[in-house]
Amino acid sequence: MSCENCLNRRAFLAKSAAAAAAAALVGGCGNGVFGPPLPAHSAGGVPSGTVTITVAQFPGLATVDKLVQIDVERAVKRTGASSFLALSTICTHQGCDAAVNTANQIECPCHGSRFANDGSVINGPDNSPPTTIRPLTQIATQYDPQTDRLTIG
Ligand code: FES
């Protein structure tokens, strides 16, 4: 049986290997993203606009000193009966969106900087000393105990 347009074994294997390599590249880490996330903001930036929440809708805010992620760029902790500390979670290294972790800290996914729940630096990028970067930026808050509404920013 003749086959004029068929691939020979060597050509078939070469094309299969190239296709597999291309598929591996496109697949990357499984989410189509190569390497660490890209910075989303300028380093240490402050989120634009204000956000108003009802404190009771964030159960973690019933506990003093517990950080709660409010949105992608803001975390809040209660500091007293009617006082709160809000932090921008925009990393002061290169501007990635950091987030509250299970250790009640804020951690950046890009290069691993970690911040304490008051915004101070625990370690800089790639475990560098805390003095490598600035603390997280604090954001003004205004709380109305009558309505349990907290305005951030
Ligand atoms: S941008 Fe956060 S550690 Fe580099």
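In listed order, ligands and their atoms are each counted from 1. The residues of the chain are indexed from 1 along the displayed sequence.
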Please write out which residues are connected to Val68 in a hydrophobic cluster, directly or through intermediates, given that two of Ile, Leu, Val, Met, Phe, Trp, Tyr count as joined at side-chain heavy-atom separations below 4.5 angstrom.
-> Val51, Ile53, Val55, Phe58, Leu61, Ile70, Val76, Phe84, Ile139, Tyr143, Leu150, Ile152
So how many protein N, O or S atoms does atom 4 (Fe) of ligand 1 have within less than 2.8 Å?
-> 2
Pairs involving residues 129-138, ordered by first then second residue, that meet side chain to side chain donor-acceptor pair (under 3.5 Å) (sequence neighbours left out) = Ser128-Thr132
Main-chain N/O of Gly112 paired with Asn123 side-chain donor or acceptor, under 3.5 Å | yes
Asp144, Thr52, Thr141 screened by side-chain hydrogen bond (donor to acceptor under 3.5 Å, both in side chains) with Thr151, the one that passes | Thr52
Residue pairs, two or more places apart or on separate chains, that pass side chain to side chain donor-acceptor pair (under 3.5 Å) and touch residues 58-68 | Asp65-Lys77
Indicate yes or no: at least one non-hydrogen side-chain atom of Pro125 is less than 4.5 angstrom from one of Ile133.
-> yes
